[in-house]
Amino acid sequence: MDEKNLENLKIQLQQLHNDAHEFVQSIPPTQLYSAIGVFIFTIWFFLIIRLFKRRASNTIVLTGLSGSGKTVLFYQLRDGSSHQGTVTSMEPNEETFVLHSETTKKGKVKPVHIVDVPGHSRLKPKLDEFLPHAAGIVFVVDAVEFLPNVRAASEYLYDILTKASVVKRKIPLLLLCNKVDKVTAHTKDFIRKQLEKEIDKLRASRTALSSADIANEYSLGVPGEAFAFHQCVNKISVAEASGSTGVKSAEMRARRAKFNRTDNILMYHLISSFSNYRIFMAIVYYHWQYCNLAPITYFNKSYLICYTPFFHFPISTLPISPTESSMAGISAEAAKAVHRRMFAVSRHLIPESNHTHCLGMSACSSGFDDTYHRVHGAVPAHIPPWKPAIDDSGKDFADIIYEKAVGEGIAKITINRPERRNAFRPETVKELIRAFNDARDDNSIGVIILTGKGTKAFCSGGDQALRSKDGYVDYDNFGRLNVLDLQVQIRRLPKPVIAMVAGYAVGGGHVLQMVCDLTIAADNAVFGQTGPKVGSFDAGYGASIMSRLVGPKRAREMWYMTRFYNANEAEKMGLVNTVVPLEKLEEETVKWCREILRNSPMAVRLCKAAINAADDGHAGLQQIGGDATLLFYGTEEGNEGKDAYLERRKPDFSKFPRLP
Ligand SMILES: CC(C)(COP(=O)(O)OP(=O)(O)OC[C@H]1O[C@@H](n2cnc3c(N)ncnc32)[C@H](O)[C@@H]1OP(=O)(O)O)[C@@H](O)C(=O)NCCC(=O)NCCSC(=O)CCC(=O)c1ccccc1C(=O)O
């Protein structure tokens, strides 16, 4: 810029200054002062707002009944340790820390304020202190000791969910079913349903109380409808964890380590609901860390739609609608891919067994839209009317219940000694043999169900109270091991036998379920051998069939260690065909029977014989050989020989082809 231009600029600026001065002089002083006042007030107002703006809370409240394992979870989250927090504390554990699972992460990781509030009823006011500041609530439930505590847990949860401080701020709540590493733990679906049922009852009883007694500030659910968590204003999700104490074996430790990861990730979801970016990072991190996949870069573009469904729907469904995807500006294809990946993540977060649910599978096998399924229609699942049955002897049964479905080819045999967890004595086995013989001989019966009375046990094996030096003794004065005859009978019976298992199937009861053709297990089922614990073993089918089903290593483990396995573990090991909620057990079993009954009885019979043939050695060959003879007797060729003999003539086999 030359000197002349500089001079011009100076003059212009001087002119501008003079004009401004003149303008200010021309404004009446009151107007001027008001404008300055408004300006200063605006600045001050924004500063105040900024100063008082509530910072997003990072407090997560861990609550639940005493003994549910909150303290152990607290320590696991803090430092990954398996703190043996068995003593019920009377003071809240309260700390702000970076979650243990995130300590190895690079970059800025925000600490979380975790408060573990003891579940003692006297400490409820403490909970009230923390709830108004909570960003999320984790309600811990003991999945093992769940049923005895269901009422108390429901009441506690009810109180939390009806508090104004919780409802108004729509604080999300995670229902964490703890100790699921224990074999007798209930599943999260079972726990959720039971809590819903109990809360439903509470709704009625609480409103019936006098107004003076009602401490609840809000009511729950929709009038006239059964209570369900999805009706709550607060988002409620359910997850499983295994922050249990006293787990000692290496296997359990390894399993727990796996669950810890799961816990942390689940906890992370909750915490991250206050930061979209972090949930996205958690998913990418999880993929990268545990699924051996590269971080998903296109998530950058679409992560907005990922987190949205996360907090509005259960993790396993994750619907991503076309509207949502178009709103996020991504193609339907990309949305599908995101959905797929999210689903893959959710499969890792939720223990695998929950996804291989049999109801889904059977729906799948009978739910195809092909000609066969159109002709046959869906397989009905209603429970048929059962009619008591007797055998040729006409004698009543004492230890079993023998029934046949009205109008259908299904027989049901129930061991009826629930007070002994359906342990069998010689009389029980004798009656079972009689009933199985009858079902075998009744050609209207195509499938037989074997089960135990009640929901606590399928069968707990031989009645140890009756064991003597030469077997089991009841009415005879000599011992028997006649359950071995029963096992052989089931194997050779030319009709499928389905074990319908609720509760314990252990010892000789477990061998019985193994010799059955198929096993449908309720989610409360427990499997295992106990023999070596009580000085017994089954070196016959109990060893060989098990080895076939689960492999020799697992079979050794089951026999040497006498551990128990829950239904999902048994399913993974190949001990059972499917696992269903307890309340669906009979429906599902009957459905399987009906699906089998649609098929050719002779084909099914030969399949059974063929599958057993090699393992059963000569007896197996005899069975399948007998079936071949049976079929041959129905042919003209077979009858030519017999007719010729009876007619005292030479048989003419020349007319029968010598097939290649
Ligand atoms: C099944 C349990 C794990 C269930 O536990 P829980 O729910 O806590 O119930 P309990 O309180 O223990 O039991 C309630 C009630 O039932 C009685 N009971 C249960 N099982 C048996 C049984 N098998 N024999 C006798 N009594 C039983 C129990 O005593 C209680 O009665 P109360 O009067 O109320 O006290 C648990 O019950 C359990 O572990 N049971 C024992 C399981 C067991 O060890 N079974 C025997 C295995 S050996 C076997 O089955 C041999 C089979 C066989 O005949 C054979 C086959 C091939 C070759 C050889 C043989 C052979 O004979 O050895």
Side-chain angles (χ1 to χ4, degrees), residues 143-148 182-186 398-400 414-433 436 450-476 478-491 499 501-516 521-549 555 558-567 569-570 575 582 615-616 619:
V144 178
E145 290 300 311
F146 171 66
L147 284 177
K182 303 272 173 153
V183 284
T184 49
H186 293 279
D399 284 9
I400 68 161
T414 309
I415 305 176
N416 188 19
R417 301 188 75 217
E419 70 291 350
R420 290 257 164 274
R421 297 288 183 267
N422 296 320
F424 52 78
R425 53 180 178 168
E427 177 59 25
T428 324
V429 177
K430 276 190 226 165
E431 291 182 9
L432 286 168
I433 290 174
F436 271 110
L450 175 63
T451 190
K453 179 81 178 162
T455 56
K456 289 192 176 151
F458 166 78
C459 174
S460 64
D463 189 326
Q464 296 306 292
L466 301 176
R467 208 172 115 185
S468 82
K469 279 188 175 168
D470 52 357
Y472 294 84
V473 185
D474 49 11
Y475 301 118
D476 301 322
F478 52 87
R480 287 169 189 273
L481 291 173
N482 57 353
V483 74
L484 302 179
D485 301 337
L486 175 66
Q487 295 171 3
V488 172
Q489 184 187 18
I490 294 174
R491 282 289 281 200
V501 179
Y504 291 99
V506 299
H510 184 249
V511 180
L512 276 184
Q513 83 81 15
M514 286 196 297
V515 296
C516 290
D523 52 9
N524 77 333
V526 175
F527 300 84
Q529 295 303 150
T530 57
K533 266 197 287 211
V534 293
S536 175
F537 56 91
D538 184 340
Y541 276 139
S544 59
I545 293 190
M546 185 193 285
S547 191
R548 268 275 193 239
L549 288 177
M558 285 192 83
W559 275 106
Y560 299 172
M561 314 195 54
T562 61
R563 283 184 186 171
F564 284 177
Y565 303 84
N566 67 24
E569 289 168 323
L575 280 172
L582 179 60
D615 287 337
D616 289 355

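For the single chain, residues carry numbers from 1 onward in sequence order. Just so we're clear, the structure is a prediction, and the values are computed from it rather than from any experiment. Read the numbers this way: they start at 1 and go in the same order the structure lists the ligands and their atoms.
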Fill in the blank from the handout: Sorted by chain and residue number, the residues having a heavy atom closer than 4.0 Å to an atom of ligand 1 are E419, R420, R421, A423, F424, S460, G461, G462, D463, Q464, Y472, L481, V483, L484, Y504, V506, G507, G508, T530, V534, S536, F537, D538, F564
Handout entry: Minimum side-chain heavy-atom gap Y565-M558 below 4.5 Å
Key = yes
Handout entry: Y475 backbone acceptor or donor facing E427 side chain under 3.5 Å
Key = no
Exercise for the section: State, with a plain yes or no, whether a side-chain heavy atom of I400 is found less than 4.5 Å away from one of T428. Expected result: yes
Problem - Side chain to side chain, D538 and W559, heavy atoms closer than 4.5 Å - result: yes
Practice task
Decide yes or no for D463 and R417: does some side-chain heavy atom of the first lie under 4.5 Å from some side-chain heavy atom of the second?
Solution key: yes
Handout entry: Inter-residue atom distance R548.CZ - M514.CE, 0.5 Å rounding
Key = 13.5 Å
